[in-house]
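The basis for the numbers below is simple: all heavy atoms, side chains too, and nothing from hydrogens, waters or symmetry mates. In each ligand, atom 1 is the first atom listed, and ligand 1 is the first ligand listed.
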Amino acid sequence: MVEVRAPDGGPALKVPVARVDLEDADLRRVEEVFRSGWIMQGPKVEAFEKAVADFCGAPHAVAVTSGTTALHLMLHAAGIGPGDEVIVPSFSWIATANCVAYCGAKPAFCDVDLQTYNMTPALATAAMGPRTKAILVVHQFGMPCDLDGFARLARERGVALFEDAACAIGSEYGEARIGAFKASRAACLSFHPRKVVTTGEGGMLLTADADLAGKVRRLRNHGQEGGHFVNIGYNYRMTDLQAALGIGQVARLPVTLSKRRAIAEVYRKELGSARGIALPAEPSGCRSNVQSFMIRFPEGGRVVRDRVASALFSQGIATRPGIAPMHLEPCYAGTCTGLRLPNSERLAEDGLVLPLYASMEPSQAAEVARAIASACRD
Ligand SMILES: Cc1ncc(COP(=O)(O)O)c(C=O)c1O
C-alpha cells in the first residue's frame with residue numbers, strides 16, 4: 001500500500017477524512033508508460049475506458065481531464081445553450097452548476113431531500129419552468145437518485161435527463177451499476193483523489209448514445225475528425241500516465257467497495273440509535289459506493305456539529321462539514337435573489353462528513369463513532 005493522502009485528507013492526523021487507494025502495482029503501470037515514451041492520450045486511455053465501461057455496464061466511455069470537463073462536454077454535445085435552463089441540486093459541488101454556465105445556459109437550483117441528500121422528482125418539478133431543457137441529477141456522495149422517477153418526469157415534460165455521477169462509480173441502482181441506466185442521456189464520473197477511483201485528476205462520460213459519445217470524443221480533441229477541425233473543440237484529453245494509474249483500481253473495485261461498505265456498516269451499527277444523530281438513508285433497491293458518509297445533527301445543528309468536529313480533531317480524527325449550497329455562493333447569489341432552499345441550507349449547517357477509506361480498519365471506525373457519541377453527550 002502506498003501511503004498517499006487525498007488533498008483534503010487534512011493534516012497528518014491519526015485518522016484522515018480520506019486516503020487514496022494506491023498500490024505499488026499501480027506505480028509500476030505508470031512506470032511502464034513513462035518508459036514507453038508515449039505519455040499522452042493513447043492505448044492506456046483506451047484500455048481504461050474499456051475497463052470502466054465494462055465495470056459500469058455502459059456501452060460507450062470517453063475519458064477526459066476531469067469530472068467537470070466531462071459534464072461540460074456532455075451538456076455542450078447535447079445542445080444545451082443560451083436561453084436554456086438546467087435543473088441542478090443546490091447541495092452539490094460547484095462544478096455541477098458551472099458546467100451549465102459554461103454552455104451559456106442557466107442553472108436552476110433545486111432543493112434536496114434531508115434523508116438521501118439528493119434531489120427528488122417532486123422537488124425538481126417545483127424548480128421547472130418554460131425554459132427548462134434538462135435535469136442534471138447528482139448521486140450525492142455516491143447515493144443513487146430516483147432514476148426511474150426522474151426518467152418519468154423528464155419524459156412527461158419533454159426534457160433531457162443527465163447524471164452527474166462524479167461520486168458514484170460502483171453505486172448500484174436496481175440490478176445495474178450507475179452509468180448503465182438507459183433513460184438518461186449520459187452519466188459523468190470524476191477521478192479526483194477524493195473519489196473512489198482516482199487518476200490524480202480525470203473524468204469520464206458513460207453513455208448508450210453512440211452519437212453523443214462520438215461528439216464528445218471529437219470535442220475533447222479540438223473538434224478534430226478526418227484531418228479537419230469540424231467543431232470548435234477543447235483540449236480535454238486524459239494522459240496515458242493518468243489512465244495507467246486508474247486501471248488497477250478499477251480491477252480492484254469489487255474489493256474496494258466491499259471494504260468501504262463495511263466501514264459504513266460500522267458507523268450505522270454504532271451510531272444508528274444515538275440520540276440527536278441522523279444517518280443517510282439508502283433507498284431500497286439502491287446501494288451506495290459510500291464515496292462519503294455524511295451524518296447530521298438535526299437537533300443541535302451547527303453548534304453541536306462544530307463541537308463534535310473539534311472534539312474529534314483534538315483526538316487526531318479529521319472530518320469535514322457538509323457542502324455549501326450553490327445558490328448562496330457569490331458567483332450565483334446575484335441570480336438567485338430571494339431563493340430559499342431550506343433543506344440544502346440545513347445540510348450545510350448540520351452535516352458532518354466522517355473519515356472513510358478502503359484501508360481504514362473497522363476498529364478505527366468504531367473508535368470514531370464512540371468519539372462522536374461521547375462529544376454529542378457533552
Ligand atoms: C457532484 C460533483 N460533480 C462534479 C465534480 C467535479 O469533478 P472534478 O473535480 O473531477 O472536476 C465533483 C467533484 O469534484 C462532484 O463532487
Side-chain angles (χ1 to χ4, degrees), residues 6-9 17-18 20 45 48 52 61-76 86-103 107 109-113 116-119 134-145 147 150 162-171 178-179 184 186-206 216 220 234-239 242-243 245-246 249 280 288-294 320-327 329 331-332 344 347-348 351 353 356:
D8 64 349
V17 79
V20 295
V45 168
F48 184 48
V52 176
V62 187
V64 289
T65 48
S66 68
T68 306
T69 54
L71 290 165
H72 176 201
L73 292 191
M74 169 177 78
L75 297 181
H76 179 49
V86 177
I87 307 295
V88 297
S90 179
F91 187 75
S92 186
W93 180 240
I94 198 79
T96 306
N98 285 353
C99 64
V100 176
Y102 297 159
C103 295
F109 294 106
C110 174
D111 213 353
V112 295
D113 174 67
T116 60
Y117 319 146
N118 278 335
M119 250 185 343
I135 304 169
L136 175 55
V137 297
V138 177
H139 306 296
Q140 194 51 262
F141 301 140
M143 190 67 80
C145 280
L147 282 172
F150 278 109
F162 298 101
E163 297 171 66
D164 177 340
C167 304
I169 191 166
S171 297
I178 291 295
S184 76
C188 292
L189 305 173
S190 163
F191 304 119
H192 178 272
R194 272 295 271 119
K195 305 302 191 275
V196 175
V197 168
T198 185
T199 55
E201 295 281 2
M204 198 176 286
L205 173 114
L206 301 175
V216 170
R220 79 173 163 185
Y234 303 84
N235 176 359
Y236 285 173
R237 295 183 305 256
M238 179 183 270
T239 67
Q242 291 169 298
L245 194 63
Q249 292 174 70
S288 174
N289 65 356
V290 221
Q291 180 267 335
S292 285
F293 194 84
M294 189 182 91
R320 289 288 176 278
I323 313 167
M326 293 188 282
H327 69 287
E329 285 302 302
C331 60
Y332 289 115
S344 303
L347 291 173
V353 174
L356 200 150

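Around ligand 1 you find S66, G67, T68, L71, S92, W93, A95, T96, V138, D164, A166, C167, S190, H192, K195, G202, each with a heavy-atom distance below 4.0 Å.
Remark: the R220 side chain and the T69 side chain contain no N/O donor-acceptor pair separated by less than 3.5 Å.
Within the 3.5 Å criterion, the main-chain N or O of M326 finds a donor-acceptor partner in the side chain of S90. Of the possible donor and acceptor atoms, none in the side chain of Q242 sits under 3.5 Å from a partner among the backbone N and O of G200. S171 places a side-chain N or O within donor-acceptor distance of the main-chain N or O of N289, the cut-off being under 3.5 Å.
Ring planes of F109 and H327: tilted class, angle from 30 to 60°.
Residues F191 and M204 approach most closely at CE1-CB, 3.7 Å, considering heavy atoms.
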